[in-house]
2 protein chains.
Amino acid sequence: MNSDTRSAIHPASAGPPTARSATFSPLYQQIKGLITQGLESGQWKPGDMIPSEIELAGRFGVSQGTVRKAVDELAAEHLLVRRQGKGTFVASHTEPRTQFRFLRLTPNQGEPRYPESTILECKRARAPADVSRALELKAGEPVITIKRVLAFDGVPCVLDELWLPGGLFKGLTAERLTESKAPLYSLFESEFGTKMIRADEQVRAVAAAPADARLLRVAPGSPLLSVERLTYTYGDKPVEVRKGLYITRDYHYHNELI
Amino acid sequence: MNSDTRSAIHPASAGPPTARSATFSPLYQQIKGLITQGLESGQWKPGDMIPSEIELAGRFGVSQGTVRKAVDELAAEHLLVRRQGKGTFVASHTEPRTQFRFLRLTPNQGEPRYPESTILECKRARAPADVSRALELKAGEPVITIKRVLAFDGVPCVLDELWLPGGLFKGLTAERLTESKAPLYSLFESEFGTKMIRADEQVRAVAAAPADARLLRVAPGSPLLSVERLTYTYGDKPVEVRKGLYITRDYHYHNELI
DNA sequence: TAGTGGTCTAGACCACATG
DNA sequence: ATGTGGTCTAGACCACTAT
């Protein structure tokens with residue numbers, strides 16, 4: 001079965017059972033790639049159950065243990081979620097665990113909560129140079145920019161501005177954002193088919209500019225936490241730039257070093 | 001072999017091959033615990049090679065695959081480091097990778113570097129109430145407190161104050177800290193046998209108090225990044241409280257969301 | 001050449017969820 | 001009762017490191 005196996009994955013490179021050229025990656029890595037393709041292409045959408053390990057093993061012509069190792073790693077990367085007795089599912093931003101991986105704002109006392117959002121602006125525009133560079137867009141390619149305030153119990157806490165490639169988010173309007181009570185990333189994955197996977201953040205302390213201070217209802221010059229985020233989807237493709245200003249009097253940015 | 005196996009690990013609970021009471025955790029979890037004991041007790045010190053998988057499998061009376069799963073998880077938690085062809089080693093803060101997991105300060109341009117340290121103070125003292133609570137010490141138990149400035153090329157960047165349980169760090173003096181050019185955690189693990197494993201951080205933006213501003217050579221009221229850290233060693237035991245103030249003009253706090 | 005971790009297989013049985 | 005993921009075994013062979 002071994003030679004059949006390998007030829008199933010690399011039809012052009014079949015060889016004797018133990019043949020493996022220098023360019024071959026381990027089978028389980030190849031399986032990871034094939035599963036990731038299914039996710040990227042939308043064949044399996046967030047929340048969907050993917051085929052069982054046995055089914056995938058048969059389909060790819062490898063043993064169940066090999067599929068298991070591939071799925072284990074994808075689960076460790078939070079692309080998949082295993083549920084014993086039920087199956088393996090595509091991770092979704094509708095799940096609270098996923099949401100709080102991308103919302104690090106935590107109350108100084110009490111449990112993490114999700115804030116209310118007020119959209120200030122949502123329009124198509126030309127991207128600033130740094131945003132354009134970060135999103136790997138050509139100069140002049142359109143982006144959609146969103147500006148909003150996040151609040152807890154009516155008290156402003158975050159002033160957020162973000163930029164998205166226009167091509168991926170056609171039809172995104174302020175109305176649609178205002179109607180939806182779901183978190184942004186949840187909306188993005190369900191309505192626009194773009195799933196945020198990971199992000200890099202740069203955190204700084206800055207003094208509040210007058211305009212920002214007014215929107216956040218703090219004194220100009222107050223210390224604010226600046227959080228600049230670059231977010232990636234499958235294949236390490238950058239798809240969101242986000243700049244946030246946080247008031248960290250009653251909340252803080254939480255991080256676990258492991 | 002199965003019944004021998006289990007009796008080797010739980011001498012008092014041996015049973016038929018397939019017996020497993022409700023209180024039994026999976027074998028590989030038990031193996032994880034046994035290996036962790038070896039780390040915690042100092043049987044294997046940072047940098048040491050632990051016995052091979054086959055050796056451990058024989059010693060614990062389980063298959064190599066079970067040891068492998070245990071070691072895999074400990075490596076994922078950064079307690080161990082695998083090196084193909086060489087062996088498996090106890091992770092150490094002398095390795096750059098480990099150091100930068102706990103030093104998130106990154107230049108806005110260029111590669112991460114390690115700053116120079118100037119010790120301002122190192123003394124035994126009574127812990128403030130919040131520190132005492134965080135370290136789970138009884139009121140009045142002594143702590144060692146260290147105050148220092150970190151700088152890049154002579155330019156102050158971080159003002160750090162930290163508290164350690166006195167009992168674990170006997171003989172820690174300013175001289176010893178000043179002599180050592182190694183990072184603190186490296187010194188702690190090699191000289192005092194306390195290995196820092198993970199930490200929780202709370203990040204905020206604050207205004208510089210006059211005294212802090214003077215030490216950091218910034219204007220009073222300047223925005224500073226406040227980073228409060230509680231650090232744990234084996235067994236989730238808290239062993240360090242650290243409060244840092246960062247100047248984030250040329251550097252930022254970097255974080256990857258995954 | 002020998003020892004280490006890395007990959008892969010085949011098969012057994014357990015634990016959990018559901019019909 | 002069935003199907004799912006979770007654990008465990010036994011053994012083969014590969015890739016890397018050192019002597």
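Worth knowing before you read on, the calculation uses all heavy atoms, side chains too, and leaves out hydrogens, waters and symmetry mates. Just so it is clear: chains get the letters A, B, ... in the order the sequence lines come, proteins before strands, and each one is counted from 1.
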| Which residue lies more 5' along DNA chain C, comparing Gly85(B) with Asp72(B) via nearest heavy atoms | Gly85(B)
| field | Arg68(B) side chain, from C-beta outward: closest of dG6(D), dT7(C), dT9(C) | value | dT7(C)
| Over-ring placement of Arg113(B) relative to Phe152(B), 6.0 Å and 45° cut-offs | no
| request: Using atom CD1 of Ile54(B) as one end and atom P of dA2(C) as the other, report the distance to the nearest whole Å. | output: 14 Å
| note | The nucleotide from dG6(D), dG6(C), dC8(D) with an atom nearest the side chain of Arg82(B) is dG6(C)
| Distance check: side-chain N/O of Thr66(A) vs OP1/OP2 of dT9(C), anything under 4.0 Å? | yes
| Given atom CD of Glu73(A) and atom P of dG6(C), what is their separation to the nearest angstrom? | 12 Å
| Side chain of Tyr28(A): nearest nucleotide among dC8(D), dT4(C), dC8(C)? | dC8(C)
| said: If the cut-off is 4.0 Å, is Lys86(B) near the phosphate of dA18(D), judged by side-chain N/O to OP1 or OP2? | reply: yes
| note | Heavy atoms of Tyr232(B) and Ala199(B) approach each other most closely as CD1-CA, 4.5 Å
| Given dT7(C), is OP1 or OP2 found less than 4.0 Å from the side-chain N or O atoms of Lys69(A)? | yes
| Least distance between heavy atoms, Asp160(B) atom then Gly244(B) atom | OD1-CA, 3.3 Å
| remark: Taken to the nearest whole Å, CD1/Ile35(A) to P/dG5(D) is 11 Å
| Any side-chain N or O of Thr88(B) less than 4.0 Å from the OP1 or OP2 oxygen of dG5(C)? | yes
| Between atom CG of Leu257(A) and atom CZ of Arg198(B), what is the distance when rounded to the nearest 0.5 Å? | 9.5 Å
| request: Figure out the CG/C1' separation between Leu27(B) and dG6(D), and round it to whole Å. | output: 13 Å
| request: Could you check how far CZ of Phe60(B) sits from C1' of dT9(D), rounded to whole Å? | output: 18 Å
| field | Between P of dG5(C) and CG of Leu80(B), the distance in whole Å | value | 11 Å
| Does dG3(D) have OP1 or OP2 sitting under 4.0 Å from an N or O in the side chain of Ser52(A)? | no
| Whole-Å distance separating the CE atom of Met49(B) from the C1' atom of dG5(C) | 9 Å
| message | Check for me whether the distance between the ring centres of Tyr185(B) and Phe102(B) falls short of 6.0 Å. | response | yes
| request: Measure from CD on Gln64(A) to C1' on dT9(D) and round the result to the nearest Å. | output: 15 Å
| note | Ranking dT9(D), dC8(C), dG6(C) by distance to the side chain of Gln84(B), first place goes to dG6(C)
